[in-house]
Amino acid sequence: MRSEYKDGAMNFYLTGRIDSNNAEEVSKELEGEIDMIGEMNIAFDAKDLEYISSAGLRVLLRIRKKAGYPVTVRNVSDEIFDIFSVTGFDQMFTVERPMRQISLKGCAKLSSALNGEIFELSEDEMVKVYGKDADLDDVKKERDYAQTAMINGIPTLIPYDVVSCEKGYGIVIEKGGAQSLAQVIANNPDDMEKYAVMFADLMREIHSTEIPEGKLPDIKDRYRGWIDEISDMESARVDIFNQLIDGIEDRETYVHGDINLNSVMVKDGELLLVDMAGSARGHALFDLQSIFASLVAIEKVRKDYCFTTFGIKGDVCVRFWKLFFDRYMEKESTDIGSMNELLLKYFVLKEQVLNLVEEKHRVGGDV
């Protein structure tokens, strides 16, 4: 039996038929291999598996029990998938059909995201592509986050399958005439106030939506993780950063984590979220800080940032922010002046931490 270390696990390639005639032989071979590799993660590749009987399923069940953790079976054909589904084995194993291969030839680029690029696949679908160095688990995690958000009532574009193309891994997402909020504002400047109100109402809606524990990470943990990456930061600065983070009220409601005018789409008059990798549970302040940074604060230190990123001039972005923020704060007990001070403080926090992380990676230091 062929085996190969790939995607963080030792993959065993199942072939032909596994039934009562050869199940015991397959079992002995697999168990011998697993005993040799020790505690390494294992997975099965079923691309060339034609049939598996109950005897073969029991072999996989013994291997899963021996491993002591969930085992993935990849590249499962429709016929084999049906067998796993009918027997309930899809509840005990992570069962994955073959990854769809697509081509970007002739596909127009629609926009850039923080961790990838978005291309138009067809009139109804687009694909977010992450690049050659992207980790497949991270791509799947974003798809899972998007599905979690959608299931819990967050308005999102519908995510489909994870695919592979010449530029790397990607997620197929519904399109159907959707345009980024940045594009819509740039093309319809007279409607800016309408969209600022819609955007504020959307954010108030998602910031009041509770997410069950364990379904998404805590946004504070992401900030703490950035700080932990900087191994030689002065302890005093670490304390200041951590005090700022700890001082924010804990909440169980949804936050996007990296919201801006390119991560909100307009489809059939409705605003829907995309770019869901930063999805988390936490205080609305983290999202407000991202919007404030992208529309106001970064422009002050990087001239023409707004136009380069959104196709909108900086002064227009500032006006949009003021319209958005006034609407968002209408029902808040915190006054606008105090909130603006907080937003500036946390913008500085995030910028300083991320700049330090980026510098460490650029010079090849320990992180």
Side chains of [X] and [Y]: donor-acceptor distance under 3.5 Å anywhere?
X: N75; Y: D45; value: yes
X: H207; Y: D287; value: yes
X: Y254; Y: S279; value: yes

Note: [X]-[Y] ion pair, threshold 4.0 Å (strictly below):
X: E96; Y: R74; value: yes
X: E213; Y: K215; value: no
X: K140; Y: D144; value: no
X: R281; Y: D218; value: no
X: K128; Y: E142; value: yes
X: D246; Y: K220; value: no

Exercise for the section: Could you check K175 against E125 for salt bridge (Lys or Arg N to Asp or Glu O under 4.0 Å), going step by step and ending with a plain yes or no? Expected result: CA-CA 5 Å; K175 181 176 180 290; E125 293 181 336; over 6 Å; no

Within the distance-only criterion (no hydrogens, no angle test), does the side chain of [X] pair as donor or acceptor with the backbone N or O of [Y] below 3.5 angstrom?
X: E299; Y: C306; result: yes
X: N262; Y: T309; result: yes
X: T156; Y: I158; result: no
X: T308; Y: Y305; result: no
X: E166; Y: L104; result: yes
X: N188; Y: D190; result: no
X: Q183; Y: S180; result: yes
X: S85; Y: F81; result: no
X: N22; Y: E25; result: no
X: S294; Y: I291; result: yes

Practice task
Apply side-chain hydrogen bond (donor to acceptor under 3.5 Å, both in side chains) to Q179 and list each qualifying residue two or more places apart in sequence or on a separate chain.
Solution key: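 Expected list: none.
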
Problem - ILVMFWY clustering at 4.5 Å (side-chain atoms), partners of Y169 - result: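 Under the 4.5 Å side-chain rule, Y169 groups with M99, L110, I118, M126, Y130, L136, V139, L157, V162, I171, I173, M265, L272, V274.
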
Check [X] against [Y] and note the closest heavy-atom contact, atom names and distance.
X: G311; Y: A186; answer: O-CB, 3.8 Å
X: E174; Y: Y160; answer: N-CE1, 3.7 Å
X: G278; Y: R222; answer: O-NH1, 2.5 Å
X: V73; Y: A46; answer: CG1-CB, 4.1 Å
X: P155; Y: E205; answer: CG-OE2, 3.8 Å
X: K267; Y: G176; answer: NZ-O, 3.0 Å

Nearest 0.5 Å, please: how far is [atom2] in [Y] from [atom1] in [X]?
X: T253; Y: N152; atom1: OG1; atom2: CG; answer: 12.0 Å
X: L202; Y: I206; atom1: CG; atom2: CD1; answer: 5.5 Å
X: F310; Y: L181; atom1: CZ; atom2: CG; answer: 9.5 Å
X: F199; Y: W321; atom1: CZ; atom2: CH2; answer: 9.0 Å
X: D258; Y: M276; atom1: CG; atom2: CE; answer: 11.5 Å
X: S103; Y: F119; atom1: OG; atom2: CZ; answer: 11.0 Å

Is there a side-chain contact between [X] and [Y], using heavy atoms and a 4.5 Å cut-off?
X: D201; Y: Y328; answer: no
X: I154; Y: T209; answer: yes
X: V127; Y: E120; answer: no
X: I151; Y: T148; answer: no
X: D35; Y: K66; answer: yes
X: R224; Y: D221; answer: yes
X: P159; Y: Q147; answer: yes
X: H256; Y: S263; answer: yes

Practice task
Determine whether more than 12 heavy atoms belonging to other residues, nucleotides or ligands lie under 6.0 Å from atom CD of E193.
Solution key: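 Check fails, neighbour count at 12 or below.
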
Exercise for the section: For Y13, look at atom OH and say whether over 12 heavy atoms of other residues, nucleotides or ligands are found less than 6.0 Å away. Expected result: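 More than 12 heavy atoms, drawn from other residues, nucleotides or ligands, come within 6.0 Å of this atom.
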
Going hydrophobic residue to hydrophobic residue with side-chain gaps under 4.5 angstrom, can you get from [X] over to [Y]?
X: V197; Y: L271; answer: no
X: F89; Y: I42; answer: yes
X: L14; Y: M92; answer: yes
X: V264; Y: M150; answer: no

Handout entry: Chi angles and distances behind the salt bridge (Lys or Arg N to Asp or Glu O under 4.0 Å) call for E117, K109
Key = CA-CA 7 Å; E117 300 174 303; K109 180 179 173 180; 2.9 Å; yes

Exercise for the section: Could you give me the CA-CA distance, side-chain angles and deciding distance for D137 and K141, then say whether salt bridge (Lys or Arg N to Asp or Glu O under 4.0 Å) is met? Expected result: CA-CA 6 Å; D137 287 340; K141 185 182 292 184; over 6 Å; no

Exercise for the section: Taking the six-membered ring for Trp and the single ring otherwise, decide whether the centroids of F93 and F44 are under 6.0 Å apart. Expected result: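 No, they do not, as the ring centres are separated by 6.0 Å or more.
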
Tabulate below the donor-acceptor pairs under 3.5 Å that side-chain atoms of residues 51-62 make, not counting sequence neighbours, or state none.
| residue | atom | partner | partner atom | Å |
| --- | --- | --- | --- | --- |
| S53 | OG | A55 | N | 3.2 |
| R62 | NH2 | S27 | OG | 3.1 |

